[in-house]
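The block underneath contains the structure these notes are about, expressed in structure tokens.
Only this structure's heavy atoms are used, side chains among them; waters, hydrogens and symmetry mates stay out. Predicted model, so just to flag it, every value in this text is computed and none were measured.
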Amino acid sequence: MAWQAVDEAIAIAFAAGVAVDPERVRQSVTFVMAHHRAHKPSMLQDVEVGLLTEVDAIQGGLLDARSAMA
């Protein structure tokens with residue numbers, strides 16, 4: 001699922017005319033996945049205690065950009 005999100009973000013960036021290096025983005029995500037496995041994300045901590053997460057703030061811009069292109 002993470003790779004699908006990364007690929008969609010790259011596709012949206014390209015469609016919006018933003019220059020991104022897909023390989024560099026994928027390398028960054030690969031590094032994070034390999035070196036931060038013990039990290040407990042703040043959003044997971046929020047979910048565990050019943051709080052709202054910031055997922056809309058993070059993904060909302062991408063979704064808005066995608067909708068504007070449709």
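- Residue pairs meeting the salt bridge (charged side-chain N to carboxylate O under 4.0 Å, His left out) criterion with at least one member in residues 27-41, sequence neighbours excluded: Lys40-Glu48.
- His36 meets the ring-ring contact (aromatic ring centres under 6.0 Å, His included) test with no other residue; sequence neighbours excluded.
- Within the 4.5 Å cutoff, the side chain of Leu51 has no heavy atoms near those of the Gln45 side chain.
- Under the rule for a side-chain contact (heavy atoms from CB on, under 4.5 Å), the partners of Val55 that lie at least two apart in sequence or sit in another chain are Met43, Thr53, Gln59.
- Hydrophobic clustering, defined by side-chain heavy atoms of Ile, Leu, Val, Met, Phe, Trp and Tyr closer than 4.5 Å, leaves Leu52 isolated from every other such residue.
- Residue Glu23 qualifies as enclosed at atom CD: its count of foreign heavy atoms under 6.0 Å is above 12.
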Which atom pairs, one a donor and one an acceptor, fall under 3.5 Å between side chains of residues 24-34 and the rest of the protein, sequence neighbours left out?
{"from": "Arg26", "atom 1": "NE", "to": "Asp7", "atom 2": "OD1", "distance (Å)": "3.3"}
{"from": "Arg26", "atom 1": "NH2", "to": "Asp7", "atom 2": "OD1", "distance (Å)": "3.0"}
{"from": "Ser28", "atom 1": "OG", "to": "Arg24", "atom 2": "O", "distance (Å)": "3.1"}
{"from": "Thr30", "atom 1": "OG1", "to": "Arg26", "atom 2": "O", "distance (Å)": "2.8"}

Side-chain donor/acceptor pairs under 3.5 Å, residues 12-20, sequence neighbours excluded:
none

